[in-house]
Undergrad: 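Next up is a structure, given as C-alpha cells.
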Amino acid sequence: MNAENNCIVIFGASGDLTHRKLIPALYNLYKIGRLTENFSVLGVARSDLNDESFRDKMRNALIKHEKASGEKLDKFCSHLYYQSVNTSDAQDYGKLVPRLDELHDQYQTCGNTLYYLSTPPSLYGVIPECLAAHGLNTEEFGWKRIIVEKPFGYDLKTAHELDIQTHRFFEEHQIYRIDHYLGKETVQNLLVLRFSNGLFEPLWNRNFIDYVEITGAESIGVEERGGYYDGSGAMRDMFQNHLLQVLAMVAMEPPAIINADSMRDEVAKVLHCLHPLSEEDIQNNLVLGQYTEAQIDGEYVKSYLQEKGVPEDSNTETFMALRCKIDNWRWADVPFYVRTGKRLPARVTEVVIHFKVTPHPVFSQNAPENKLIIRIQPDEGISMRFGLKKPGAGFEAKEVSMDFRYSDLSGASSLLTAYERLLLDAMKGDATLFARTDAVHACWKFVQPILNYKENRGRVYEYEAGTWGPKEADKLIAKSGRVWRRPS
Ligand code: BG6
C-alpha cells in the first residue's frame, strides 16, 4: 500500500537528521513509487532559508548520500518547501497556516498533515502547544499525525510530563514515537521467526532456554555528538529504547493478530514484567564502562574524555552490561544478558538464544551447546548451532552450524530501510511499529533505578577502546559459568 496524499512538515529541517535520514528516505520512497505525486514537504526551522535554498541544500545531500541524479531528483526537489519559524514563539507558528493551506490546495492533500519533530527534545512539549494555538492539530479537515524522535523524556518523571503535555493537544492515535530499531527488517523478522514456525515456538520458554544474550555493539565512538551523548550515556541512548524493544520482540507473547493494538498490547505487557531492580540487583548485575585511549590497527583512538564536548571529569558510561529477568510464566528465572557499547571491536547487533543442555550425558564428552544466533545487523541472518558426530572412530561431538543469510532471499536488495519503512507506515496510519506510551513508560520505570545509581556517580569501569568492555562485564556473566559471545 502506498502513502496517502499528505504534507509532511519537518521541524528541525536544517538539522543533521533531516538531510542524512529523512529527506533520503522520502526520496527513495518517491523513486520506487511509494509516494504519489500528491505530497509536499515543508521544512521548518529558525534558519533563514527559502524554498530555493532549502531545495539546494537537500539536493546536495541527496547527491552526496544517495548518489541521486537526473529527472527523478529534480521532480522530487520540486515538492520541497521551506518556512522559517521561531519555534519557541507560538505566534510565529501563524505563518504555517497560509503555507499549509496553499500546499494542501496545490497537492490536493485534503488537509492530511504529518508533523515530524526532528528538533532538540526541549521543543517536544512546545511544538504541539504552538500548533494547537493555530488549530493545526485538529482533524476536522484531514488527519494530523505527529512523529516524535527519541528520547521520549529524560527519565521517568520527564517522560510522564512530556506525555501529559503532548496529550493535551494530540490524542494517542495521532502520536507516532519513532524507534528506528523497530523499522529494521530483521527486528520484525524476530516475530515471523517465532510465530510462524512450529519448530521454534514450543521451545521458546524457560523449559528449554537456558539464557538469552542481546548485544548492540558499535565500533565507532561518540563522534561529533559528545555534547548530547554525555547527558545520555549508553543507558539512555541505546538500552532504554532500542535494546529493550528488541528484548520485547524476543520475549513477548504472540499477539492474536498483527495490528497496532494487539502487537503493542503484548510489547507493553512483557515490558511491565521486567523484574524491578533493587539497589542490590544493581550492585550485582550491572556493569558500566567508559572507553580509554588505544592504538587500533596502528591508529591512535582518543579516550571518551578526550572527545569534543565531553567534560574532562565525565562519569558517563559508553558501555553497559546488565543481567535482567522477566517475571512471568514463560521466562521465570531465565537470565537475559544485555550489553551495548561504543568503541567495541565490531559493529554488530545480535540476539543469541542459548538452549539448555541435554538432561543426561550419553557420550564421554559434553555435546556442544545448542544456540540460535539471530543477527540483526550487519550480515543479517540466522545461524543454528548444534552438535554432530565428528567423523571417525568413537562418538566425539563437534559444533556445526546451519546458516541462513537474509541477502539470499529474493527481494532482499529492495528492502526498505528503517526510516523509509517507518515514514511510510506513518503516512499510511499504521502505528504497529511505533512505541506506545505505556511501553515507553514501562521502559523508563525499569531503567529509573539505574539512572539514580548513575546520578549518585555509581562505579564506571574503564575499558580500552577496541575491546569488549571492562573485564567486570566478563565476570558478571562468568558468575553463572557462562561467557559472552565474541561476534565479529
Ligand atoms: C541511535 C543512537 O539512536 O542509534 C546512536 O543515538 C547509535 O548513538 C545509533 O549509534 C545506532 O543505530 P544503528 O541503526 O546504527 O544500530
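Computation of the quantities below employed the complete heavy-atom set of this structure, encompassing side-chain atoms and omitting hydrogens, waters and symmetry-equivalent molecules. The first residue of the sequence shown is numbered 1, and numbering continues consecutively from there. Ligands are counted one by one from 1 in listed order, and the atoms in each one are counted from 1 as well. Please read all numbers here as calculations on a predicted model, not as lab measurements.
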Undergrad: Using a strict cut-off of 4.0 Å, indicate which atoms of ligand 1 neighbour a heavy atom of Arg225.
TA: 2 (C), 5 (C), 6 (O), 8 (O)
Undergrad: Looking only at protein heavy atoms, identify the closest one to atom 16 (O) of ligand 1 and say how far it is in Å.
TA: Tyr181 OH, 2.5 Å
Undergrad: Among Arg485, His354, Lys371, exactly one meets side chain to side chain donor-acceptor pair (under 3.5 Å) together with Glu213. Which residue is that?
TA: His354
Undergrad: Could you tell me the residue and atom name of the protein heavy atom closest to atom 8 (O) of ligand 1, and the distance to it rounded to 0.1 Å?
TA: Asp237 OD2, 2.5 Å
Undergrad: Give the atom numbers and elements of ligand 1 that come within less than 4.0 Å of a heavy atom of Lys150.
TA: 1 (C), 2 (C), 3 (O), 6 (O)
Undergrad: Any salt bridge between Asp265 and Lys269, counting N to O under 4.0 Å?
TA: no
Undergrad: With under 30° as parallel and over 60° as perpendicular, where do the rings of Phe446 and Phe239 fit, or are they tilted in between?
TA: tilted
Undergrad: Got a sec, which residues hit side chain to side chain contact (heavy atoms under 4.5 Å, CB included) with Thr292, two or more places apart in sequence or on another chain?
TA: Glu462, Glu464
Undergrad: Against heavy atoms of Lys342, which atoms of ligand 1 measure under 4.0 Å?
TA: 5 (C), 7 (C), 8 (O), 10 (O)
Undergrad: Side chain to side chain donor-acceptor pair (under 3.5 Å) with Ser232: which residues, sequence neighbours excluded?
TA: Tyr228
Undergrad: Return the orientation label for the Tyr30 and Phe76 ring planes: parallel under 30°, perpendicular over 60°, tilted otherwise.
TA: tilted
Undergrad: Specify the protein heavy atom at minimum distance from atom 15 (O) of ligand 1: its residue, its atom name, and the distance to 0.1 Å.
TA: Arg347 NH2, 3.2 Å
Undergrad: Within ligand 1, which atoms have a heavy atom of His242 less than 4.0 Å away?
TA: 1 (C), 3 (O), 4 (O)
Undergrad: Report the nearest protein non-hydrogen atom to atom 11 (C) of ligand 1: residue, atom name, distance rounded to 0.1 Å.
TA: Glu218 OE2, 3.8 Å
Undergrad: Looking only at protein heavy atoms, which one is nearest to atom 12 (O) of ligand 1, and what is the separation?
TA: His180 NE2, 3.1 Å
Undergrad: Which bit of Tyr229 gets closer than 4.0 Å to ligand 1, counting heavy atoms only: side chain, backbone, both or neither?
TA: neither
Undergrad: A side-chain contact here means heavy atoms from C-beta on lying under 4.5 Å apart; do Glu307 and Tyr229 qualify?
TA: no
Undergrad: Among all protein heavy atoms, pick the one closest to atom 14 (O) of ligand 1 and tell me residue, atom and distance.
TA: Lys184 NZ, 2.6 Å
Undergrad: Once the angle between the rings of Tyr115 and Phe170 is folded into 0 to 90°, is it parallel (under 30°), tilted (30 to 60°) or perpendicular (over 60°)?
TA: perpendicular
